[in-house]
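Treat the numbers as computed from the prediction; the structure is a model and nothing was measured. Every chain is numbered from 1, with letters handed out A, B, ... down the list of sequences.
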Protein chains: 2
Amino acid sequence: MKMSEGVEWTAHACVLLAALPKGVGLPANALAEFHALAPAYMAKHMQALARAGVVESVRGAGGGYRLARAPRDISLWDIVEAIEGGEPAFRCVEIRQQGPCVTPQGDFRKPCEIHAAFARAENAWRIELKSVSLADMAAEVARKATPQKRALLTQWITGKLA
Amino acid sequence: MKMSEGVEWTAHACVLLAALPKGVGLPANALAEFHALAPAYMAKHMQALARAGVVESVRGAGGGYRLARAPRDISLWDIVEAIEGGEPAFRCVEIRQQGPCVTPQGDFRKPCEIHAAFARAENAWRIELKSVSLADMAAEVARKATPQKRALLTQWITGKLA
DNA sequence: CTATTGCGGACATATAGCATCCGGATTAAA
DNA sequence: TTTAATCCGGATGCTATATGTCCGCAATAG
Ligand code: FES
Ligand code: FES
């Protein structure tokens, strides 16, 4: 059970976008370059984010991606859902309905206990992810940054926007 | 992000073992047959459970697998850990340390915010799984079973133990 | 008109999951 | 002592998913 690395890629990218002035964005190429990632693959992931409504795309020269909502209104779960899809990790395939001890009158309308337990666990996981917003993470990153890093960052960003 | 189906296989198998008298077990073949699963693959999964100390193996004729502890002391998490391994689904590969804006004096000793958030979420997930025991699930299954199913089950089990 | 950028599909490769098979070791029972 | 049942670990093959690239098309700013 391994989560796609695309989640980390796009999460970092969104944190970067959250640090930009409202309504301003960056092209996929720049987002990939910022963390030295494969540009073509990053572009694919950003398309998924756009389809999911997490970011907005602006086509044409000078375009790129920008956040579709305020950083406070975008959670880590939104990103996971966009990249991984909303399907649960545990998928009950109803093996209880197979085998020599299944009765014809068996009642399988209610989910089995195993299924229900995993559903509860994944729900707790989602709730935790939904409670973390881009604003939270961006603020924490900014707090920990040294003055040098801050300067380097603003310089790089202005270079990309020019 | 998909969990191995082996988790469902072994979870059902353990619930079945929990319904047996204490100290009594069943061979891997029977555990596979009970839910019409691939016998060879089920055997592999049971070996993993034995290595993890969830079940005990008894070799030789009349042998098989039995629970290593009381059903109350085996949780769903124990099974997931045995089959999937304990590694987290989200694995931070530290891409924050790459790119044009990393400063030489960067402090990367503390985990980044994204990493920390996923760790919290997965911890909530694990806590929920640890709170569900085989005893809980077996009791629930028994409660929902019809008299016919109960009879069929005991007949099948006695056939396997003979 | 041209350069830039996103969009979607086709494609290729790598990794992980699914499943089988086999020889060896162990043990109960005939 | 022989036989059959059973677990163990490794080797193997197949399939699905993840990773990553490429290309033509559409949109848009200058
Ligand atoms: S029937 Fe197997 S988990 Fe629901
Ligand atoms: S550096 Fe990427 S999640 Fe920690």
Check every strand shown and say whether [X] touches a base, only sugar-phosphate, or nothing at a heavy-atom separation below 4.0 Å.
{"X": "B:Met1", "value": "sugar-phosphate"}
{"X": "A:Lys2", "value": "sugar-phosphate"}
{"X": "B:Ala43", "value": "nothing"}

Give the nucleotide from the list [options] with an atom nearest to the side chain of [X].
{"X": "A:Ala38", "options": "D:dT21, D:dC7, C:dA19", "value": "D:dT21"}
{"X": "B:Ser57", "options": "C:dG6, D:dC8, C:dG17", "value": "D:dC8"}
{"X": "B:Ser4", "options": "C:dC18, D:dC7, D:dT19", "value": "C:dC18"}
{"X": "B:Arg59", "options": "C:dA25, C:dA19, D:dG9", "value": "C:dA25"}
{"X": "B:Trp9", "options": "C:dA19, D:dA18, D:dG9", "value": "C:dA19"}
{"X": "A:Pro27", "options": "C:dT5, D:dC8, D:dC7", "value": "C:dT5"}

Residue whose nearest DNA chain D nucleotide is more 5′ - B:Ala61 or A:Gly6
B:Ala61
Within less than 4.0 Å of OP1 or OP2 of C:dG8, is there a side-chain N or O belonging to A:Arg51?
yes
For A:Tyr41 and C:dA14, is the shortest distance between a side-chain N/O and OP1 or OP2 below 4.0 Å?
no
Could you tell me the separation between the [atom1] atom of [X] and the [atom2] atom of [N], rounded to a whole number of Å?
{"X": "B:Gln47", "N": "C:dA25", "atom1": "CD", "atom2": "P", "result": "16 Å"}
{"X": "B:Glu33", "N": "D:dT6", "atom1": "CD", "atom2": "P", "result": "11 Å"}
{"X": "B:Met46", "N": "C:dA19", "atom1": "CE", "atom2": "P", "result": "17 Å"}
{"X": "A:Glu5", "N": "C:dT15", "atom1": "CD", "atom2": "C1'", "result": "11 Å"}

What about A:Lys44: does its side chain form a donor-acceptor pair under 3.5 Å with the base of C:dG6?
no
Is it the case that more than 12 heavy atoms not belonging to A:Arg72 sit under 6.0 Å from its CZ atom?
no
Of B:Glu84 and B:Pro39, whose closest DNA chain C nucleotide lies nearer the 5' terminus?
B:Glu84
Using the six-membered ring wherever Trp is involved, compare the ring planes of A:Phe34 and A:Trp156 and label them parallel, tilted or perpendicular (cut-offs 30° and 60°).
tilted
Can any side-chain N or O of B:Arg150 pair as donor or acceptor with the backbone N or O of B:Ala142 at less than 3.5 Å?
yes
